[in-house]
Amino acid sequence: MSYDFVNIEHKWQTNWETQRTFATPNPGQPGFDPSKPKYYVLDMFPYPSGVGLHVGHPLGYIATDIIARYKRSRGFNVLHPMGYDAFGLPAEQFAVEQGVHPAITTNQNIMNMTRQLKRLGLSYDWERSVATTDPEYYKWTQWIFLQLYDAWFDPFRRMARPIDDLFTELEAGRILVGIEGEAVLSSNTEGVDAVTGLPVGTRKLHELPPAELHAFIDRQRLAYMDEVPVNWCPQLGTVLANEEVTNEGRSERGNFPVYRRPLRQWMLRITAFADRLLEDLDLVDWPAATKMMQRNWIGRSEGASVKFPLGMGASSGLDDELVVFTTRPDTLFGATYMVLSPEHPLIDAISTAEQFHAVNAYRIAAGEKSDVDRIAEAGSGVKSGVFTGAYAINPVNNQPIPIWIADYVLMSYGTGAIMAVPAHDSRDFAFARHFKLPIRPVVMPDDAWLNAHGPREMVGGNPDALRAAYAADPARFDEAFTDHGTAINSNNEELSLDDHGTAQAQAEMIEWLEGNGRGRRHVQYKLRDWLFSRQRYWGEPFPILHDADGTSMAVEESDLPVLLPEMEDFRPAASDDPDAPPQPPLSRAPLAWKQVVREGRTLQREFNTMPQWAGSCWYYLRFLDPRNGERFVSAEAERYWMGGPTAATRDVGAASMADDGTASKADDGSAAMTSAGIESSRAGGHAGSKVSGQVGGVDLYVGGVEHAVLHLLYARFWHKVLFDLGHVSTPEPFARLFNQGYIQAFYYEDARGVRVSAEEIEERDGAFFYQGQPVTRHMGKMGKSLKNAIAPDDICAQYGCDTLRLYEMYLGPLDQSKIWRTADITGVHRFLQRLWRVFVNEDGSLRISDDAPPLDLQRLLHRTIKRVTDAMDNLAFNVAIAALIELNNELVKRYASDEVARTSGRAQIGVPRQIAEPMVLLLAPLAPHIAEELWQKLGHHASLSAEAWPRWEQAFLIEERIEYPVQINGKLKSKISVPSDADDAAIQAAASADEKIAPLIAGMKIKKAIIIKGRMVNLIVG
RNA sequence: GCCCCGGUGGCGAAACUGGCAGACGCACGGCACUUAAAAUGCCGAGACCCGCAAGGGUCGUGCGGGUUCGACUCCCGCCCGGGGCACCA
């Protein structure tokens, strides 16, 4: 009987489903074993695509399945769920293309993808499956949104707290309301009023009219509405988050142009968590590249904010000041001009009449400049700009300096204004040279730099002369000196930085600025708040109601979910016009949905929907308890599967965090660096497994690197809010992250550069043809757009999914990109065929003997167990498969060759059961169907998924004799075989006596013999 | 420009903590079985040189140095490829 994979695989997939083999009980449920440790292994869930899977998609799913099966046999309670991220643009666009309602296409696609995934034999607990579009799911997405809406960020404690606590803080006078309605800490030392002892212009709770109080509270929420410059994509008919816009200023989805435009939108206050999102990366075991991307995205810079009073020419009449952020406060004496971004709001107020025309012309030109132009300009180093006619006063020397505008200063970072220090910033240097602005050196470079960048005629000259030349005119040097050095020209009456190193000078300058109320230490982040609303139909409705007077309020928890209304026309209001107003499709919903009457007042629902990312921010929590109708997840299930610390431990951590936050100067929410709690857990070390043990969370999370910032940053943010509010027990959601590589394949382009179907390519004499026409071959990520996708269904039909699983894992390390070559499948397919044949006779009977296996075979088995086990622990499945092939080759050699069959008589000789059974168990996570079938043939009635992983015994790993390579002066010359218990002297004697070695060392003196037990011998002769 | 990751036979790749480089697979060559092919099994194989042969020698993990008895592995300086960030003050 040959290896009939079609029937075997179908049989076992059906069996697993009907026997509920992989259904995983929660604590307290029947069948739950509390004595076992837990292991939560998770895939990034897919969106249900209309074209289905290609063989690149399951790469990660196969890997997690192998781990899930392996961990089960290692005695863990394994949680391994799968679901669908079904809201969002792709699903909606597919529905629009098909002209079918997205609810229908989404369900069809989910069914198709589930069928495809089940065919791969993946051991998911399908009973836990969720779709983010299910009202029973998005009810809780809305509920979490309300947690954000009903929370604020307490800068004292550096954590999210219920909004009601804000009243407490107002009553206690710890929080005050500032001039512009902003929150001010009473501990703020800046501009304190001499009479009240409080910051100037601030008011306490009882001084506020109710409407202002309401507006103030709304502005503190973690989910708030604000009019901000947003990314507006008219062709998608929606606004987009910064993370969804490419560097070229186009939409990540669809590649449509995106325009910046002020609109009132929902925002989530992720910036409040910037420092914790940054610090806690040290707690998790993630790929270095992914951590790096998150760090870059958060973009933390330490420095100072500095106030520059406006001076001559300023027409505002106010005692205005210009605040800038700098990472180099030590160079303040070198600030010879200032630059505002062209969008800066102060420009109109300060520009002089003579310059107004030029300023306006520049502003318009800058606004029309495309992002591509700006990038090109940045690359070229050419700077454009215009003088406003106004001056500011440099606070350290009271000198007036001109204020320019230029588009190399971005409104979206810092304050949209800079102090320019041309001597020590390359952009300012280029600008100052171009516009002949003064360049004042305030940091002396080292001699090496001066030599490398000085005027040609001075190279190699006297260092003193070079220094003098630099101090006299840095413009003679070919670039700005931007490194640390020694301060010069940096003294005033109260401050002398000269001769101090940069780090010291920075500290002294900040001290001076703070002492004189001219500035303060400041940490700046690139991260901006998360634009959370979309003008699309296929998303979660906001659980928010608006009153006619403009106030908004939360939908009652008991009224959740707010169902997405049935609509025939769900299409977005797409347009080519950048100035077209956003028109959320829900504004066209039936009146019965749009209007809600509460306490006699008619309220209007929010018409925006949530973005794609909302559902994926917390799905890993819903899997823990997917059918819970009372809570988003039960506390018990959450604590068990996420493995968070016990309640007692957590209280200690929270207390220390509060103490530290209170003690530090967390004035603007950015100054407090590290909390004691985080510092101490960080001290636990950097080794992955140790750290993940401490932090809790998903034990292994596998997915593509494309989510390095978007999904992973958003999910961490939500998780931290839920953690602060006491809804989850761990500070981080994903203890260990693994990014699998992509599957690449050849694709083909015809003479016009149009891609043609890779399936229909013919190869002749190394050239490629499509329908007779020559085409060129390229390599790229497998997918629909390159027309090189291969469906797993086809491979399963032809070779079986065990073969597909093995092939994908055997291609190479999981985190690398790999090239798919269907022809190469034959290698692993042969392995399974040979395995089958060595166990099973042609008539289907088993070729197994109950004889004790020979010792050398036992040793090979135990070596294999060790190798496979180590490989599994390292996710090195290619190595595990190689070890199994090697063992199988040995079995074939001994028990299946024609020679053996002829001389011994078939069925008389078979694989010893003591070898066969452990081998089948080792194979089971990788190729589960054939393993189950063989296991059953071996006489077992239950699924092998309940069997324990084979153990290797040290005794079988020890050989009687060890073969030592013998080197002379480090060069391999011979090999000797020595009893494994031989001591060094015996080994050396054997080596010296070896027939190849003896003549080489004859008459020489052995200066030194290096003998590494069990490894090698190296004789040093002279 | 800055940051991260990588570079090992014709190809995909192994190599624990510095200890026999190339396990395992593909492709390839030879042999057996076969009318033949396929399939299957066995054998061979890093490159170069010497030898009829058995065998022997030299070189070899991107390049150049260094540390070490010993380096794919550690250090310094380059080259190439992939990815990320990119006027972020």
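Owing to the predicted nature of the structure, the values given are computational and were not obtained by experimental measurement. Chain letters run A, B, ... following the sequence lines, proteins first and then strands; every chain starts at 1.
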Listed nucleotide nearest any side-chain atom of [X], set [options]:
{"X": "A/Val879", "options": "B/G25, B/A14, B/A89", "result": "B/A14"}
{"X": "A/Tyr408", "options": "B/C87, B/C4, B/C20", "result": "B/C87"}
{"X": "A/Arg830", "options": "B/C87, B/C26, B/C42", "result": "B/C26"}
{"X": "A/Ile1010", "options": "B/G19, B/A89, B/C87", "result": "B/G19"}
{"X": "A/Met293", "options": "B/C42, B/A89, B/G84", "result": "B/G84"}
{"X": "A/Met1016", "options": "B/G19, B/A14, B/A89", "result": "B/G19"}
{"X": "A/Gln816", "options": "B/A23, B/A13, B/A89", "result": "B/A13"}
{"X": "A/Lys383", "options": "B/C59, B/C87, B/C20", "result": "B/C87"}
{"X": "A/Thr327", "options": "B/C11, B/A89, B/A14", "result": "B/A89"}
{"X": "A/Asn878", "options": "B/A13, B/G19, B/A89", "result": "B/A13"}

Spell out yes or no: do the side chain of [X] and the base of [N] have one donor N/O and one acceptor N/O closer than 3.5 Å?
{"X": "A/Lys1007", "N": "B/C69", "value": "no"}
{"X": "A/Lys1008", "N": "B/C69", "value": "no"}
{"X": "A/Asn1018", "N": "B/C69", "value": "yes"}
{"X": "A/Tyr964", "N": "B/C20", "value": "no"}
{"X": "A/Arg867", "N": "B/C16", "value": "no"}

With a 4.5 Å limit on heavy-atom distance, are the side chains of A/Tyr807 and A/Val55 in contact?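 Heavy-atom side-chain distance check fails, nothing below 4.5 Å.
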Take atom [atom1] in [N] and the same atom in [M], then report the distance between them in whole Å.
{"N": "B/C11", "M": "B/C16", "atom1": "C1'", "value": "27 Å"}
{"N": "B/G30", "M": "B/A45", "atom1": "P", "value": "16 Å"}
{"N": "B/G81", "M": "B/U8", "atom1": "C1'", "value": "15 Å"}
{"N": "B/C72", "M": "B/A14", "atom1": "C1'", "value": "11 Å"}
{"N": "B/A86", "M": "B/C3", "atom1": "C1'", "value": "11 Å"}
{"N": "B/C59", "M": "B/A21", "atom1": "C1'", "value": "14 Å"}
{"N": "B/C26", "M": "B/C75", "atom1": "C1'", "value": "38 Å"}
{"N": "B/C28", "M": "B/G10", "atom1": "C1'", "value": "9 Å"}

Which way is the base of B/G9 turned, syn or anti, if we draw the line at 90° from 0?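 For B/G9, whose glycosidic angle is within 90° of 0, the conformation is syn.
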Checking all strands, does [X] fall into the base, sugar-phosphate, or nothing category for heavy-atom contacts under 4.0 angstrom?
{"X": "A/Pro813", "answer": "sugar-phosphate"}
{"X": "A/Leu410", "answer": "base"}
{"X": "A/Lys1013", "answer": "nothing"}
{"X": "A/Val966", "answer": "nothing"}
{"X": "A/Asn889", "answer": "sugar-phosphate"}
{"X": "A/Ser301", "answer": "sugar-phosphate"}
{"X": "A/Ile1012", "answer": "base"}

Between atom [atom1] in [X] and atom [atom2] in [N], what is the gap in whole Å?
{"X": "A/Tyr413", "N": "B/C85", "atom1": "OH", "atom2": "C1'", "answer": "14 Å"}
{"X": "A/Ile987", "N": "B/C69", "atom1": "CD1", "atom2": "P", "answer": "21 Å"}
{"X": "A/Glu890", "N": "B/G41", "atom1": "CD", "atom2": "P", "answer": "14 Å"}
{"X": "A/Phe325", "N": "B/A89", "atom1": "CZ", "atom2": "P", "answer": "6 Å"}
{"X": "A/Arg1015", "N": "B/A21", "atom1": "CZ", "atom2": "P", "answer": "13 Å"}
{"X": "A/Lys526", "N": "B/C2", "atom1": "NZ", "atom2": "C1'", "answer": "11 Å"}
{"X": "A/Tyr807", "N": "B/G12", "atom1": "OH", "atom2": "C1'", "answer": "8 Å"}
{"X": "A/Gln967", "N": "B/A21", "atom1": "CD", "atom2": "C1'", "answer": "12 Å"}

Please check the phosphate of [N] (OP1 and OP2 only) for any side-chain N or O of [X] closer than 4.0 Å.
{"X": "A/Thr826", "N": "B/G25", "value": "no"}
{"X": "A/Arg837", "N": "B/G41", "value": "yes"}
{"X": "A/Tyr810", "N": "B/G25", "value": "no"}
{"X": "A/Lys971", "N": "B/C59", "value": "yes"}

Between A/Lys996 and A/Asp994, is there a salt bridge with N-O shorter than 4.0 Å?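 No, A/Asp994 and A/Lys996 are not salt-bridged.
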RNA chain B: A/Gly812 or A/Gly827, which has the more 5' nearest nucleotide?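 It is A/Gly812, whose closest nucleotide lies nearer the 5' terminus.
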For A/Ala289 and A/Arg528, find the nucleotide of RNA chain B closest to each by heavy atoms; which residue's nucleotide sits nearer the 5' end?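 In this pair, the answer is A/Ala289.
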Exactly one of A/Tyr747, A/Phe746, A/Phe768 should register a ring pair (Phe, Tyr, Trp, His ring centres under 6.0 Å) with A/His778. Which one does?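 Of the listed options, the one satisfying the test is A/Tyr747.
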Just name whichever nucleotide pairs with [N], Watson-Crick or G-U, keeping both distances under 3.5 Å, else none.
{"N": "B/C87", "result": "none"}
{"N": "B/C48", "result": "B/G57"}
{"N": "B/U40", "result": "B/A32"}
{"N": "B/G19", "result": "B/C69"}
{"N": "B/G64", "result": "B/C76"}

On the six-membered ring of A/Trp952, is A/Lys866 placed so that its NZ or CZ lies under 6.0 angstrom from the centre and within 45° of the ring axis?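 A/Lys866 over A/Trp952 ring: yes.
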Within 45 degrees of the ring normal and closer than 6.0 Å to the centroid, is that where the cationic atom of A/Lys383 sits relative to A/Tyr408?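 Yes, A/Lys383 lies over the aromatic ring of A/Tyr408.
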Just checking, is any N or O donor in the side chain of A/Gln816 or A/Tyr742 under 3.5 Å from an acceptor N or O on the other one?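 Judged by distance alone, the side chains do not pair up.
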A/Tyr799/A/His829 aromatic ring centres below 6.0 Å: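 A/Tyr799 vs A/His829: aromatic centres under 6.0 Å.
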Under the criterion side chain to side chain donor-acceptor pair (under 3.5 Å), I'd like the reasoning laid out for A/Arg961 against A/Ser977: C-alpha separation, chi angles, the key distance, then a yes or no. CA-CA 6 Å; A/Arg961 298 183 73 82; A/Ser977 177; 3.0 Å; yes
Using the side chain to side chain contact (heavy atoms under 4.5 Å, CB included) definition, which of the options A/Asp425, A/Thr331, A/Thr336 pairs with A/Met419?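 Output: one option passes, namely A/Thr331.
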Parallel, tilted or perpendicular: rings of A/Phe435 and A/Phe431 (30°, 60°):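 Ring orientation of A/Phe431 relative to A/Phe435: tilted.
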